[in-house]
Amino acid sequence: MKLSIKKLVLFSAMALLLTGMFAFKLSTPSRKIKLGFIPLTDCAPLVVAKELGLFAKYGVDVELEKQASWAVVRDKILNGELDGAHCLFSMPLSVYTGVGGKAGSEMKIAMVLNNNGQAITLSKDFCGQVGFKQVNKAAGGVKNVQGRKEVTFAQTFPGGTHDIWLRYWMSAAGINQKSVGIITIPPPQMVANMRVDNMEGFCVGEPWNGVAAAQNVGFTHISSQDLWKNHPEKALVVNSAFASASREDLKKVMKAIVEACRWLDVMSNRSKAASWLSKPNYVNAPVQVLEARLKGSYDLGCELGVQKYKDDYMTFYNNGIVNMPKKSYTAWFLAQYVRFGYLKAEPNYKGIAEKLVLDDLFAEVAKEMGIPVQTDMQVIKTNFDVAFDPNNVSAYLKTTKH
């Protein structure tokens, strides 16, 4: 009897040891996951997830790789050098439709990373002619500047969010898009290019609008949340093969990022986030500029004072409302491609959304994390346009300005 008990104890100990070994094996990341980012404030969810150890907490080994441009991000996601990246929400739509890449190339939108936080900066040529949010004066200002030089605006990727915010603003202001130059420049190079007079305005994410004002190169004319409050901006975009073959790993990555987004929406945490983002291996920009705009305080430049955003600064979570990738958003961006002449005919809005948007995967993540899933395909209202019904895009295109 005594021997049997000893055997039983030994067997139990071995079972526990094997169980522990198996559990350890399960929690050990299967391989390194590479995520890219561009030096912008809204890469914060990836940086925070890394710095707080959230990727490790969810059992994935993630390496962050700084990238030079959105075109590089596109190419590396498509060829698998990156499993995913902090990416312009509309970039997968641009690439798939052939606006910003080889038509038919698929990149998947897993979740949204942030709302708001972009802006249009005008050069000092416009000081005294066009003020903050004075959209009605922009066309006159352009005409005046064109009296002595050509006017060029810059955005970051054809069909990307900054390209569309810029064209949307020009349409609202009554600026003929064919009367000005529109060029593509990577975000971190915007300020330097404006300083050497390569363009008179640009649309980009923070902190580069804040940096332009701080360096007296230009001033913040209008922020993107003044065009569309709580618009989708950056997304976690992933390689198609990674999304299908490593679904569970992708869900762990998304959970870590959702937790980082929650942390970022606690305003008292934003000073710490700014200190991380300011490091050379991340955004490499002045911590004071990063922190101020993260907290909604915009020193506009050009003696225009400080604008305080109280509930529509850059947000990352907002009870999960920020993070759900909605198919209505894809319809809105695709409609702008038609509106502004990138596409000659209306695309298959539903078919493209079904192919590229992983809303079902996000719903799984949300359910497992206790996050409410938002209703999709609702009417979208922006500030300088007619209402957009994603279920009737053709009607919108007939009534909106082109």
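Values below: every heavy atom of this structure, side chains too, minus hydrogens, waters and symmetry copies. Residue numbers count from 1 along this sequence.
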[X] side chain to [Y] side chain, donor-acceptor N/O pair below 3.5 angstrom:
| X | Y | answer |
| --- | --- | --- |
| D163 | Y342 | yes |
| E259 | Y58 | yes |
| H231 | Q225 | no |
| Q336 | R167 | no |
| S271 | K295 | yes |
| T315 | N318 | no |
| T184 | Q155 | yes |
| Y337 | E346 | no |
| K143 | Q129 | no |
| Q374 | K326 | no |
| R270 | S275 | no |
| D312 | N230 | no |
| S224 | E233 | no |

Measure from the side-chain N and O atoms of [X] to the backbone N and O of [Y], and report whether any donor-acceptor pair falls under 3.5 Å.
| X | Y | answer |
| --- | --- | --- |
| D265 | Y317 | yes |
| T220 | I222 | no |
| S240 | E106 | yes |
| Q134 | A138 | no |
| N323 | F316 | yes |
| Q118 | N116 | yes |

Does any part of the side chain of [Y], heavy atoms only, come nearer than 4.5 Å to the side chain of [X], both counted from C-beta?
| X | Y | value |
| --- | --- | --- |
| P372 | N319 | yes |
| V180 | Q146 | yes |
| F132 | Q307 | yes |
| T156 | M190 | yes |
| N281 | K66 | no |
| I182 | M170 | yes |

Where [X] and [Y] come nearest, the two heavy atoms and their spacing:
| X | Y | result |
| --- | --- | --- |
| I185 | A154 | CD1-CB, 4.2 Å |
| L358 | A243 | CD1-CB, 4.1 Å |
| L113 | P45 | O-CG, 3.9 Å |
| G36 | L82 | N-CD2, 3.7 Å |
| Y396 | A387 | CD1-O, 3.6 Å |

Please identify each residue that fulfils ring pair (Phe, Tyr, Trp, His ring centres under 6.0 Å) with Y309, with sequence neighbours left out.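 Testing Y309 for ring pair (Phe, Tyr, Trp, His ring centres under 6.0 Å), a comparison that skips the adjacent residues, returns Y298.
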
Residues [X] and [Y] bridged, charged N to O under 4.0 Å:
| X | Y | result |
| --- | --- | --- |
| R293 | D299 | no |
| K350 | E354 | no |
| D83 | R31 | yes |
| E364 | R247 | yes |
| K34 | E81 | no |
| K251 | E368 | yes |
| E63 | K50 | no |
| K102 | D75 | no |

Applying side chain to side chain contact (heavy atoms under 4.5 Å, CB included), can you list everything that pairs with N383, at least two apart in sequence or on another chain?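 Result, side chain to side chain contact (heavy atoms under 4.5 Å, CB included) vs N383: none returned.
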
Is the centre of the F153 ring less than 6.0 Å from the centre of the W165 ring?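 Not under 6.0 Å, so no.
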
Check the pair K327, D376 against salt bridge (Lys or Arg N to Asp or Glu O under 4.0 Å), reporting the backbone distance first and the verdict last. CA-CA 7 Å; K327 289 173 177 171; D376 199 356; over 6 Å; no

So which pairs with a foot in residues 84-98 pass side chain to side chain donor-acceptor pair (under 3.5 Å), sequence neighbours left out?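 Of all non-adjacent pairs touching residues 84-98, those that pass side chain to side chain donor-acceptor pair (under 3.5 Å) are D42-H86.
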
Any chance you could lay out the salt bridge (Lys or Arg N to Asp or Glu O under 4.0 Å) test for D385 and R339, step after step, and finish with the verdict? CA-CA 12 Å; D385 196 9; R339 177 186 181 187; 3.3 Å; yes

Name all pairs fulfilling the salt bridge (charged side-chain N to carboxylate O under 4.0 Å, His left out) condition that reach into residues 278-289, sequence neighbours left out, sorted by first residue then second.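 Passing the test, one end in residues 278-289: no pairs.
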
Look at the aromatic rings of F89 and Y329 and report parallel, tilted or perpendicular, splitting at 30° and 60°.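 Perpendicular, since the angle between the ring planes exceeds 60°.
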
Give me each pair satisfying ring-ring contact (aromatic ring centres under 6.0 Å, His included) with a member in residues 197-225, each pair once, sequence neighbours excluded.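 Every pair satisfying ring-ring contact (aromatic ring centres under 6.0 Å, His included) with a residue in residues 197-225: W169-H221.
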
Partner residues of W332 under the side chain to side chain donor-acceptor pair (under 3.5 Å) criterion, sequence neighbours left out: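 Applying side chain to side chain donor-acceptor pair (under 3.5 Å) to W332 gives none.
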
